[in-house]
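All ligand and atom numbering here is 1-based and tracks the order in the structure.
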Amino acid sequence: MNIAIIGAGVSAAAAVGVLKQHGCQISVFEKSRGPGGRMSSKRALAGSLDLGAQYFTARDAGFIAQVEQWRSQGLVQIWSMQPWVSEHGVLSRSDDQQIRYVGTSTMHQMLIPAFSGVDIHYQSKINELSFITSNVSSHSQGQWQLCSEQGECYGGFDAVLLTCPPEQSYQLLIGAPVCAQIPRQSLVPCWAVLLELAAPTHVSMDAIFVKDGAASWVARQSSKPGRQSARLRDVSEAPEQWLLHFTADFSAAELEASAERITELAAAELVRVLERTVEVAAALCHRWLYASYNPAIAPCGVLYDAKMQLALAGDWTLGGRVENAWLSGVTAAEQLLSARHKSGQQR
Ligand SMILES: Cc1cc2nc3c(=O)[nH]c(=O)nc-3n(C[C@H](O)[C@H](O)[C@H](O)COP(=O)(O)OP(=O)(O)OC[C@H]3O[C@@H](n4cnc5c(N)ncnc54)[C@H](O)[C@@H]3O)c2cc1C
């Protein structure tokens with residue numbers, strides 16, 4: 001089976017892992033320069049920076065087994081920090097017992113082996129999908145053709161798996177019956193800001209869930225395992241770097257704000273939450289239009305159209321988060337394979 005996958009995030013990596021085991025021919029199309037999607041990290045002088053997913057958790061038995069395998073390969077480590085909670089101007093230690101994992105040395109490190117040996121096209125934004133049914137085709141069910149914004153077209157696919165956010169999947173599939181099942185506002189935005197400080201804060205906290213105000217999360221980047229750059233001879237040379245996420249409501253209200261304004265507001269939030277004055281030496285802002293799951297919307301489940309050999313996966317199909325993204329990719333791959341198995345039996 002010749003399968004095209006759109007996107008190279010965690011859900012795509014999970015699907016590729018399953019499909020590779022079954023000898024499928026896979027082509028991946030990713031609009032960015034590398035894999036990872038919302039799990040990707042940026043390289044910087046002081047080490048790697050996680051602007052998207054901060055960590056992930058594992059509850060499903062299959063995913064726990066996968067995480068253990070990644071840990072044994074040195075691709076994932078436990079982030080052993082005890083978070084704090086900031087509420088009504090009071091900081092208190094959280095008593096949660098959650099185990100939190102991070103990829104090392106970048107958040108998406110463990111996805112890289114899945115994509116190795118696969119025909120992968122980076123900087124290839126797919127903007128047209130066609131399902132071609134033809135009498136001359138030996139495939140009675142038709143075949144898929146994909147065209148990119150860059151003007152390249154790729155054809156001859158028996159099946160397509162979309163792993164883009166729902167809004168983007170909808171746009172690609174307008175007119176297809178499955179569109180009616182795509183919950184379009186299931187991912188909400190997030191402004192992420194990295195603040196590098198001129199002087200140490202001397203606070204003991206490494207990560208804080210913020211329950212009021214504009215910020216929702218504040219974390220010290222260097223507290224994560226494997227984040228320090230090998231280029232720094234002495235870890236104490238590294239400036240303190242704090243990553244701040246704004247709430248979905250704030251991010252939606254300030255969607256078009258300038259990076260300068262967002263940086264200023266982030267610095268003010270950091271001062272408020274840490275109860276310290278800070279001097280920002282450098283900043284990096286990233287606006288995620290589709291960041292995390294909107295809990296007001298019920299998950300639709302992995303979507304699948306057997307007639308068109310079309311599946312839609314992604315965190316949003318199962319309720320958000322890295323773990324669900326992974327599970328959605330596995331489920332979608334299994335659905336595509338079971339259809340192949342059934343059609344093989346009918347021939
Ligand atoms: C700020 C932020 C904080 C988060 N914090 C956490 C956390 O702490 N814990 C947790 O578990 N989860 C967290 N998440 C969510 C987590 O990152 C996601 O659940 C997960 O990474 C989603 O993976 P995915 O494969 O479903 O989608 P994505 O990672 O979004 O992958 C989809 C890919 O498709 C590509 N794409 C889209 N359209 C096209 C196109 N037309 N052509 C080609 N390629 C295309 C995109 O570039 C992207 O690489 C966070 C996310 C964000 C943004």
Legend entry - Min N/O separation His245 to ligand 1 under 3.5 Å: no

Inset, instruction - For atom 19 (O) of ligand 1, find the nearest protein heavy atom and state the residue, atom name and distance (0.1 Å precision). - result: Asp315 OD2, 2.7 Å

Inset, instruction - Compute the shortest N/O to N/O distance between Cys190 and ligand 1 and return yes if it is under 3.5 Å, no if not. - result: no

Inset, instruction - Please determine if Pro165 has a nitrogen or oxygen closer than 3.5 Å to a nitrogen or oxygen of ligand 1. - result: no

Legend entry - Stepwise side chain to side chain donor-acceptor pair (under 3.5 Å) check, Thr201 with Glu240: CA-CA 8 Å; Thr201 54; Glu240 260 185 46; 2.7 Å; yes

Legend entry - Residues Arg220, Asp206: salt bridge by 4.0 Å N-O rule: yes

Inset, instruction - Please confirm whether Ser11 comes within less than 3.5 Å of ligand 1 when only nitrogen or oxygen atoms on both sides are compared. - result: yes

Inset, instruction - Please confirm whether Val10 comes within less than 3.5 Å of ligand 1 when only nitrogen or oxygen atoms on both sides are compared. - result: yes

Legend entry - Charged N-O contact under 4.0 Å between Arg38 and Asp50: no

Inset, instruction - Give the residue, atom name and distance (to 0.1 Å) of the protein heavy atom nearest atom 21 (O) of ligand 1. - result: Met39 CG, 3.5 Å

Inset, instruction - Provide, to 0.1 Å, the distance between atom 13 (C) of ligand 1 and the closest protein heavy atom, together with that atom's residue and name. - result: Ala53 CB, 3.7 Å

Inset, instruction - List the closest protein heavy-atom neighbour of atom 10 (C) of ligand 1: residue, atom name, distance to the nearest 0.1 Å. - result: Tyr55 O, 3.4 Å

Inset, instruction - With heavy atoms of Val322 as the reference, note each atom of ligand 1 found under 4.0 Å away. - result: 10 (C), 11 (O), 12 (N), 16 (C), 19 (O)

Legend entry - Closest protein heavy atom to atom 45 (C) of ligand 1, given as residue, atom name and distance to 0.1 Å: Lys31 CG, 3.8 Å

Legend entry - Side-chain ion pair, Glu264 and Arg261, N-O less than 4.0 Å: no

